[in-house]
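Lettering of chains follows the sequences in order, A, B, ..., and the numbering in each one begins at 1. Keep in mind that what you see is a predicted model, and the values were worked out from it rather than measured.
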Amino acid sequence: MTYILGIESSCDDTSAAVLADTTMLSNVTASQEVHRKYGGVVPELASRAHQQNIVPVIHEALQVAGIPKEELHAVAFTRGPGLLGSLLVGTSFAKAFALGLDLPLIEADHMKAHILAHFIQLPAENKKVPQFPFLCLTVSGGHTQIVLVRDYFEMEIVGQTIDDAAGETFDKAAKIMSLPYPGGPVIDKLAAAGDPDRFPFPHPQAKGFDYSFSGLKTSFLYFLRDSLKNNPHFIDENKEDLSASLQKTIISILMHKLTLAAEHYGINQIAVAGGVSANTGLRRAMQQAQADKGWETFIPPFSFTTDNAAMIAVSGYFKYLQKDFTTHSAAPYTRGGIG
Amino acid sequence: MQQVIAHSVDDLDRIAGLLLAAHPQAKVFAFYGEMGAGKTTFIRTLCARMGVTDNVTSPTFAIINEYHGRRDGAVFHFDFYRINKLQEAREVGAESYFDSGEYCFIEWPELVAELLPDETAKVHIARGEDDQTRVFTF
């Protein structure tokens, strides 16, 4: 049994996890409520909060797992991409911890880790995992990409957003409607009671398997501006239908390119990763595609779709098997990742 | 001051050229315009013209994006949309970036007005006579 400690601090959540091979023994996350009132993540607040959270979070992860730190085989950390100040806290801590215990240090890429989260098993679980090669649609507040996954670390982005991320479109549309942050879950909830066919919104075009959402945001904004001229209560009176129609449009844009990519590569193993995979509309569309298109679809449990350290630890495990270790001079990177 | 009208995205490359010609010394550019005005879209065109090879996307989530591909330096792309107080922008290190001598393209500069260097080139993007048209003033 190989015990890996994973540390994730790329954005606003400080998380630590311990895995025995691919089985999760603990996954502890301290979320930063402080950002809610700012309507988004504020980098400097995030890095300060990471400094306060990191020691207790790691302590708890080890305790819940029941693994003394001396029994760990390696420490894996998120090297990037993410917010620089946040990444520095996790990177520095991981290095010091590895040095102190004379453990190998393993770097993980946040975007690849989101995909590798599909391989995490819960104790006493023997869940089916995607077979290589598979396609993964990663959708979150900062990312929208289709990744062709040939092996654990052989990944290629075959399509991505050329402007706004899908999650950002949800958040900005929510802000336009004066809904609370984070906008995605609020829109998802309102959409359940709305008519998705009431308002047609355009599907912005992008080449190949790329996405574009900026034009949708703008036409949503202009549509509301024009509607408010005739009826100042338009948003209040229609927020369910607006949410349902917008959500349907975003999901249909996501599924369209994913379907094209699946057909092009002749792949029927299709996975979803990232925070937006919690969206009910997207989950329903994936189930529908499983029935209609003969896909085998994989949606991880919600706790593995948002930022978490279990996915960093599982990435660390696969690298540990290949003895792919990192030197202590590794500095965080803020952009890029899979490429 | 000049005013240029874009009737479609195809006009942006020409306007990017005019902007750079109008401010040959400027490194810090501030882009004013409401949500949906096309700030990110224009900055993408500008970056492409300058030789940036990285994917230029909205920095709303990350606040700062860094792009490479130019032979003589990086381009920093800022979005202060989510900043509420000037202090937050200071803490991100905004001033060090603005003084770095590298190109800085700034969305939502209104929120960091006090931090902008005096020589900042200001670009206003407004909707024109219809939803497809944009008026650039710089």
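Atom CD1 of residue Ile250(A) and atom OG of residue Ser245(A) lie 11.0 Å apart, to the nearest 0.5 angstrom. Taken to the nearest 0.5 Å, the CG atom of Asp79(B) stands 7.5 Å off from the CD atom of Glu168(A).
Of the listed residues (Val56(B), Thr40(B), Asn55(B), Thr41(B)), the one with the most heavy-atom contacts under 4.5 Å to chain A is Asn55(B). The candidate with the highest count of non-hydrogen atom pairs below 4.5 Å against chain A, out of Asp54(B), Asp131(B), Ile64(B), is Asp131(B).
If you measure heavy-atom distances from Glu34(B) to chain A, the contacts under 4.5 Å come from the side chain alone. Residue contact with chain B, scored on non-hydrogen atoms closer than 4.5 Å, involves the side chain of Ile176(A) exclusively.
Between Phe93(A) and His50(A), a ring centre-to-centre spacing not shorter than 6.0 Å is recorded. Between Phe220(A) and Phe213(A), the ring center distance fails the sub-6.0 Å criterion.
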